[in-house]
Amino acid sequence: MAKEITARDEDYSQWYNDIVKKAGLASNSAVRGCMVIKPNGFAIWENMQSQLDKRFKETGHVNASFPLLIPKSFLSKEAEHVEGFAKECAVVTHHRLMNDPNGTGVVVDPSAKLEEELIIRPTSETIIWNTYRDWINSYRDLPLLINQWCNVMRWEMRTRLFLRTSEFLWQEGHTAHASSQEAEEETRMIQDIYAEFAEEYMAMPVIKGVKTANERFAGAIDTYTIEALMQDGKALQAGTSHFLGQNFAKAFDVKFLDENQKSQHVWASSWGVSTRLIGGLIMTHSDDDGLVLPPKLAPLQVVIVPIPKPDPVIDEVAEKIMAALKEKGISVKYDMDKKKRPGFKFAEYEMRGIPVRVGIGKRDLEKGQVEIARRDTKEKSAQPVDGIADYIEQLLEDIQNNLFQRALDFRNERITKVDSMEDFKSVLEEKGGFLSAHWDGTTETEKKIKELTKATIRCIPLDAEVEEGQCVLTGKPSQQRVLFAKAY
RNA sequence: AUGGGUGUAGCUUAGCGGCCAGAGCGCGUGUUUUGGGAACACGUAGGCGUCCGUUCGAAUCGGACCACUCAUACCA
C-alpha cells in the first residue's frame with residue numbers, strides 16, 4: 001500500500017494535493033497563489049508543449065513574444081474585455097525602490113511613480129491587437145497566425161496547484177483574418193487540435209461544444225470549448241478557442257484594404273491551453289498509489305529495477321534492454337541505487353507514474369525472463385528477454401489505449417439525460433458527471449439553475465441532436481439538450 | 001472577498017504560562033540485510049508563521065497581519 005497518499009474516496013481534494021506533492025510535480029512558493037513547477041511536473045509540460053507546438057506549426061502558425069506588461073489604457077479599449085478581467089489584475093505602479101529612511105530594508109520610491117500604470121498581462125489580446133494595427137495593411141498580410149508561449153497572471157482569490165494559480169503558463173494564439181468565415185474556421189480547427197491532443201496524447205476524453213453567452217470569454221462572439229470529466233464527477237474546462245468577430249479590430253482600429261480597395265476591419269480568433277491540463281491529466285488517470293501517466297506524455301516511460309540490487313549479470317541484461325528501447329525512441333532509466341530495496345523502488349516509481357517497470361532478478365533470468373509491471377492496471381507478468389523491446393513498445397501502446405478507453409467508459413457512464421429538476425438534483429448529488437438536459441436558452445434560467453444546484457452549463461455540444469423538448473426548469477420549448485455539471 | 005480550520009526541524013507531530021522544546025520519519029556514517037516501502041548503532045537538524053502586547057517569565061494568553069486549507073464566488 002502506498003504510504004502517505006490520502007485515498008480518493010476519503011477526500012478527493014486532499015488526494016489531489018498529495019499526488020502533486022508526493023510525485024514531485026509542483027509546490028507552493030513564497031509568493032501567494034504562485035507555484036513552483038518542479039522538474040517532474042515541468043517535463044510533462046514540455047512534452048505537452050512540443051506536441052501542441054508541432055500541431056500549431058503544421059497548421060501554419062508561428063511563434064512570437066509580446067511584452068509581459070500592458071499599458072492600463074489598453075485594457076479598457078474593449079468594454080466587455082476589461083469588465084471580465086479588471087477584478088483580477090496585478091498592477092505595476094513604480095519603477096524604483098530606495099532604502100527605507102526610517103530603518104532597514106527597502107521601500108517604494110515615491111518619486112518613481114509611473115505616469116501610466118502597467119498591468120501584468122492576464123491575457124494578451126490588447127497588446128497584441130495594438131501591435132497588429134501596424135502589421136496589417138492589406139489583405140495580403142492576412143491571415144496572420146501567431147502564437148506565444150508565456151506566463152500570465154490573474155489575481156485569483158482561491159488557488160489550487162495547476163488548476164487555478166495566480167501565475168500560470170500557457171500558450172495563446174491570436175489570429176487575424178480577412179473574413180468572418182475564415183476566422184470561425186480557424187477557431188473550430190484549433191478546437192479540433194485541442195480535442196485531438198487531449199484524447200490521443202493525454203488519453204483524456206473531451207466533449208467539444210460552444211459556451212453559452214454567460215460563460216463566454218470576455219470580448220468574444222463565441223467561445224468553443226473542450227470539456228473533460230474528472231474522477232470525482234466534476235467537469236474541467238480544458239481548453240478554449242474564441243471567435244472574436246471584429247471586436248478587437250474595432251477597439252484597436254485594425255483595418256485592411258481588400259481586393260476591391262475597400263477598407264475593412266479584420267476578423268479575429270484567440271485560443272489557449274494552460275498548465276491546468278496537468279491538473280486534468282492527474283484527475284483523469286491517477287489512483288490511490290500515485291500518479292498514472294499516459295506513455296505518450298510520460299517524461300520517463302520505462303524504469304528498470306535490479307532485484308534485489310545491481311549485479312554484473314543483471315547490469316549486462318539491463319544495458320541490453322536499454323539499448324534496444326532507446327533505439328525505438330523509448331525513454332528508459334536503470335535504477336542502480338544500491339541502498340534502496342526493490343520494494344521501496346517499486347512504490348516510488350508507482351508514485352511517480354512511470355508507465356512500465358522492468359524487474360530483473362536472477363531467479364527469472366535463469367528462465368530467460370524478466371518481470372514486467374504496468375502502472376495502469378498494476379498487473380505483473382514474466383516475459384522472455386528475447387524480443388522484450390518489441391513487447392514493451394506494444395505494451396506502451398496498449399497502456400495508452402487502455403487509459404483512454406477506461407476514461408472514456410467512465411465519462412460515458414456519467415452523461416445522464418434528465419427531464420425534471422427533481423432528477424437533475426438527485427442525479428447531480430448521487431452520481432455527478434454531465435447532465436444532458438433541455439434549456440430554454442436564456443441566461444436567466446442558466447443562472448437560476450446554478451443557484452439551485454451549483455451546476456453550470458459546461459457547453460452546448462457540437463454534436464447535439466435536434467430534439468423537441470421542454471426546458472428542465474421553465475418548461476419552455478427547447479430544440480436540443482445542453483450539458484450541465486459542477487465544474488472546477 | 002466572506003465564513004470555518006490550521007501554522008512547533010525538510011515532513012508528521014508532542015508540549016498548551018516557568019522544569020534544557022521531546023519524538024517518529026527523513027538525512028549522514030557504519031554493520032547486518034535484500035524477489036513489494038529492512039533492522040540496529042551512532043550522528044544531523046528547530047526556538048515554536050510574523051509583528052505588537054500582557055506577564056517577573058510566552059511555543060503556550062491577547063491583538064493585528066501573513067500563509068496554507070475547506071466552503072461560497074470567479075476563471076485556463
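Order of the sequence lines fixes the chain letters, A, B, ..., with proteins taken first and strands second; residue numbering starts at 1 for each chain.
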For this session: Run the numbers on Gln51(A) and Lys296(A) for side chain to side chain donor-acceptor pair (under 3.5 Å), then give the verdict.
Result: CA-CA 10 Å; Gln51(A) 288 304 328; Lys296(A) 285 187 182 177; over 6 Å; no
Problem set entry | Worked check of side chain to side chain donor-acceptor pair (under 3.5 Å) between Gln383(A) and Ser381(A) | CA-CA 6 Å; Gln383(A) 297 295 331; Ser381(A) 67; 3.0 Å; yes
For this session: Assess whether side chain to side chain donor-acceptor pair (under 3.5 Å) is satisfied between Asp232(A) and Tyr16(A), documenting all intermediate values.
Result: CA-CA 11 Å; Asp232(A) 61 347; Tyr16(A) 176 82; over 6 Å; no
For this session: Tell me, with the steps shown, if Trp45(A) and Phe162(A) meet ring pair (Phe, Tyr, Trp, His ring centres under 6.0 Å).
Result: CA-CA 11 Å; Trp45(A) 181 238; Phe162(A) 291 117; 9.1 Å; no
Problem set entry | Step-by-step side-chain contact (heavy atoms from CB on, under 4.5 Å) determination, Arg276(A) to Leu236(A) | CA-CA 9 Å; Arg276(A) 170 180 275 187; Leu236(A) 183 77; 3.8 Å; yes
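In this structure, Thr165(A) reaches the bases: a heavy-atom distance under 4.0 Å links it to at least one base atom across the strands shown. Counting non-hydrogen atoms under 4.0 angstrom, Gly361(A) reaches a base of the nucleic acid. When heavy atoms are screened at a 4.0 angstrom cut-off, Gly280(A) is found touching no nucleic acid atom at all.
Side-chain contact between Met421(A) and Thr453(A): present, with at least one pair of heavy atoms (C-beta onward) separated by less than 4.5 Å.
With both pairing distances under 3.5 Å, G24(B) is matched to C11(B) as a Watson-Crick or G-U wobble pair. Remark: U29(B) base-pairs with A41(B). Criterion, Watson-Crick or G-U wobble with two distances under 3.5 Å. Pair check for G17(B) finds none; no Watson-Crick or G-U wobble contact set falls under 3.5 Å. Using the Watson-Crick or G-U wobble rule with both distances under 3.5 Å, A58(B) pairs with nothing in any strand shown. Shown here, G36(B) forms no base pair; nothing in the strands shown gives a Watson-Crick or G-U wobble contact with both key distances under 3.5 Å. In this structure, C48(B) makes no Watson-Crick or G-U wobble pair, since no nucleotide meets both defining distances under 3.5 angstrom. A71(B) and U2(B) make up a base pair, with Watson-Crick or G-U wobble contacts both under 3.5 Å.
Across residues 301-313 of chain A, Ile307(A), Pro308(A), Lys309(A) each have a non-hydrogen atom less than 4.0 Å from an atom of RNA chain B (numbered order).
Within 3.5 Å, a donor on the side chain of Glu350(A) pairs with an acceptor on the base of G36(B), or the reverse. The base of G35(B) has none of its N or O atoms less than 3.5 Å from a complementary donor or acceptor on the side chain of Lys380(A).
With C1' as the reference atom, C11(B) and G7(B) are 14 Å apart, rounded to whole Å. For the P atoms, the distance linking C61(B) with C48(B) amounts to 15 Å, nearest Å. Rounded to whole Å, the C1' atom of G22(B) lies 11 Å from the corresponding atom of G46(B). Nucleotides C20(B) and A59(B) are separated by 14 Å at their P atoms, to the nearest Å. A9(B) and A23(B): their P atoms are spaced 15 Å apart (whole Å). Taking atom C1' on both nucleotides, U33(B) is separated from G15(B) by 37 Å, rounded to a whole Å. Going from the P atom of C25(B) to that of U32(B) covers 22 Å, rounded to whole Å. Taking the P atom of each, G18(B) and G57(B) are spaced 14 Å apart, rounded to whole Å.
In this structure, Tyr194(A) atom OH and A76(B) atom C1' are separated by 10 Å, rounded to whole Å. Rounded to whole Å, the distance from CE on Met35(A) to C1' on C68(B) is 16 Å. As rounded to whole Å, 12 Å separates atom P of G35(B) from atom NZ of Lys345(A). One atom, CD of Glu215(A), and another, C1' of C75(B), lie 10 Å apart when rounded to the nearest Å. Atom CZ in Arg121(A) sits about 18 Å away from atom C1' in C75(B), given to the nearest Å. Atom NZ of Lys339(A) and atom P of C40(B) are 16 Å apart (whole Å). As a whole-Å value, the separation of Asp18(A) CG from C68(B) P is 17 Å. To the nearest angstrom, C1' of C75(B) lies 10 Å from NZ of Lys211(A).
For G47(B), the O4'-C1' to base torsion is within 90° of 0; the nucleotide is therefore syn.
Partner of Glu227(A) under the side-chain hydrogen bond (donor to acceptor under 3.5 Å, both in side chains) criterion, out of Lys208(A), Arg411(A), Lys211(A): Lys211(A) alone. The salt bridge (charged side-chain N to carboxylate O under 4.0 Å, His left out) test with Glu350(A) is passed by exactly one of Lys345(A), Lys380(A), Arg357(A): Arg357(A). Under the salt bridge (charged side-chain N to carboxylate O under 4.0 Å, His left out) test applied with Asp289(A), the options Lys378(A), Arg352(A), Arg8(A) reduce to a single match, Lys378(A). Checked against Ile207(A) for a side chain to side chain contact (heavy atoms under 4.5 Å, CB included), the options Thr225(A), Leu229(A), Ile415(A) give a single hit: Ile415(A).
A distance of 9.0 Å separates CG in Leu293(A) from CZ in Arg375(A), rounded to the nearest 0.5 Å.
In this structure, Phe168(A) forms an aromatic stack with the base of A76(B), since both conditions hold: centre separation below 5.5 Å and plane angle below 30°.
Each of His242(A) and Ala373(A) has a nearest nucleotide on RNA chain B; the 5'-most of these lies closest to Ala373(A). Comparing Phe162(A) and Arg341(A), the nucleotide of RNA chain B nearest to each residue sits closer to the 5' end for Arg341(A).
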For this session: List the protein contact pattern of nucleotides 69-74 of chain B with one symbol per nucleotide (5' to 3'): B for base contact, S for sugar-phosphate-only contact, - for none; contact means a heavy-atom distance under 4.0 Å.
Result: SBBBBB
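Taking every side-chain heavy atom of Asp364(A) into account, G35(B) is the closest of G35(B), A76(B), G37(B). In this structure, the nucleotide among A76(B), G37(B), G35(B) sitting nearest to the side chain of Arg363(A) is G35(B).
Residues His61(A) and Trp271(A) place their aromatic rings such that the two centres sit under 6.0 Å apart.
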